[in-house]
Amino acid sequence: MNIHEYQGKSILKSFGVAIQEGIVAETAEQAVAAAKELKTKYNSDWVVVKAQIHAGGRGKGGGVKLAKNLDEVKEKASAIIGMHLITPQTSAKGKLVNKVLIAQDVYYPGASEIKEFYMSVLLDRAKSRNTIIYSTEGGMDIEHVAETTPEKIWKEEIDPRIGIQAFQARKIAFNLGVTGNAFKEMVKFVMTLYKAYESIDASLFEINPVLKTSDDKIIAVDSKVSFDDNGLFRHPDYEAMRDITEEDPTDVEARQAELNYVKLDGNVGCMVNGAGLAMATMDIIKLSGGEPANFLDVGGTANAERVEKAFRIILKDKNVKAILINIFGGIVRCDRVAQGIVDAYKNMGTINVPIIVRLQGTNAEEAKKIIDQSGLKVYSAIEFHEAAALVNKLLKN
């Protein structure tokens with residue numbers, strides 16, 4: 001689950017991470033009021049108007065603007081709110097901006113140099129360790145930095161048995177080239193950032209940029225936070241931050257139906273019970289000459305209502321030319337699944353793509369009879385190779 005910048009910053013602040021302060025606004029009038037409040041609280045004459053969408057590269061698309069007075073705040077907020085912001089991380093259609101963050105100006109002048117850094121915390125799955133990735137090239141696309149100047153990117157692996165150690169935070173601060181009070185502030189920033197990441201079951205914390213201000217403070221100017229969905233049951237307060245307007249409507253519908261669904265780019269829809277069987281099903285689709293259009297796990301309950309919801313979600317994808325249902329009847333009996341498929345099919349009316357059903361396990365033979373005698377445009381199979389052959393045949397027709 002992803003959240004907005006302003007939400008990520010609120011989490012960081014709750015753990016003691018220094019942030020660029022800001023106030024969220026949904027209208028130009030609210031933006032002006034927010035700018036006045038920032039002036040009072042933080043003596044911030046200038047403010048930054050930042051579009052709040054679940055995508056990076058907002059500045060490149062015109063979603064981040066500096067406003068030097070209240071008239072500019074109103075003008076720039078009016079232009080950004082309601083726009084379809086296109087960035088390198090959105091589709092060609094872009095994302096609708098429903099709110100902006102009015103943030104204090106932290107690039108104030110002073111005695112020493114302002115510097116921007118990149119920092120993220122994420123899981124290195126190959127090594128089963130959380131890793132801090134950091135660079136002196138803050139404010140830039142980290143992918144571009146990795147491609148052109150990889151020597152400017154460092155990684156610090158955290159031993160899960162003992163957690164982050166102070167010497168590792170000092171090493172990061174040293175590599176980033178900060179000195180004096182900024183060095184101490186950076187060590188504190190790293191330690192606190194990692195504590196926040198680990199405490200909330202995050203899958204990613206990305207701060208770009210981390211700013212060293214002219215008076216040697218270290219603050220998070222941006223914040224990208226992603227949660228591990230499997231850990232959200234421990235954090236209902238963070239789950240409440242979910243903004244479904246930023247998510248694919250089909251994904252939202254699948255989650256509400258408690259279906260495990262991932263959209264892919266192929267032409268054969270999949271409906272399976274069990275993640276391992278789903279992976280094997282996608283393999284046989286590939287071997288048969290097709291491409292899987294989705295991963296959809298209905299779980300242990302494949303009744304008519306659940307099957308119908310799965311059908312409707314799969315058929316929202318206009319690229320689907322056939323549907324392969326592959327169910328192993330262990331917890332659930334195959335004949336009940338077969339009847340659920342027939343009932344769902346009839347309840348939906350016309351389905352314009354062929355459906356291949358492979359049911360194996362308890363009462364598989366009875367299930368095949370139900371499918372064969374239904375009179376519907378449904379093809380039954382018992383073995384994997386039969387299902388693969390049917391997929392191949394029907395895609396060619």
Is there a side-chain contact between [X] and [Y] (heavy atoms, below 4.5 Å)?
X    : Y    : answer
M119 : I132 : yes
Y108 : D215 : yes
Q168 : Y194 : no
K13  : E21  : yes
I102 : V49  : yes
E37  : Y42  : no
K155 : I133 : yes
D201 : F227 : no

Can you check whether [Y]'s main-chain N or O pairs, donor with acceptor, with [X]'s side chain at less than 3.5 Å?
X   : Y    : answer
Q52 : K99  : no
T87 : G56  : yes
N2  : S226 : no

> With under 30° as parallel and over 60° as perpendicular, where do the rings of H4 and Y6 fit, or are they tilted in between?
Replying inline: parallel
Answer yes when [X] and [Y] have at least one side-chain N-carboxylate O distance shorter than 4.0 Å, and no when they do not.
X    : Y    : value
E308 : R312 : yes
K171 : E156 : yes
R242 : E247 : yes
E5   : R58  : yes
E246 : K95  : yes

>> Let's go through Y197 and L123 carefully: what are the C-alpha distance in whole Å and the side-chain angles of both, what is the deciding distance for side chain to side chain contact (heavy atoms under 4.5 Å, CB included) to 0.1 Å, and is it a yes or a no?
In response: CA-CA 10 Å; Y197 168 85; L123 173 64; 4.2 Å; yes
>> Restricting to ring pair (Phe, Tyr, Trp, His ring centres under 6.0 Å), what partner residues turn up for F295, sequence neighbours left out?
In response: none
Cluster link [X] to [Y], ILVMFWY, side chain under 4.5 Å:
X    : Y    : result
I81  : V64  : no
V24  : V48  : no
I114 : I219 : yes

> How far apart are the C-alpha atoms of N294 and C270, what are their side-chain angles, what is the distance that settles it, and do they pass the side chain to side chain contact (heavy atoms under 4.5 Å, CB included) test?
Replying inline: CA-CA 6 Å; N294 65 271; C270 307; 4.1 Å; yes
>> Can you pull out every ring-ring contact (aromatic ring centres under 6.0 Å, His included) where at least one residue sits in residues 151-177? Sequence neighbours excluded, please.
In response: Y134-W154
> What are the two closest heavy atoms between L122 and L204, and how far apart are they?
Replying inline: CB-CD1, 4.1 Å
>> Could you report the tightest heavy-atom contact between G266 and N319, atom names first, then the distance?
In response: O-CB, 3.7 Å
>> Is there a side chain to side chain contact (heavy atoms under 4.5 Å, CB included) between V342 and I371? Walk through the geometry before answering.
In response: CA-CA 7 Å; V342 172; I371 297 296; 4.2 Å; yes
>> Under the criterion salt bridge (charged side-chain N to carboxylate O under 4.0 Å, His left out), I'd like the reasoning laid out for D248 against K263: C-alpha separation, chi angles, the key distance, then a yes or no.
In response: CA-CA 10 Å; D248 186 291; K263 187 182 181 307; over 6 Å; no
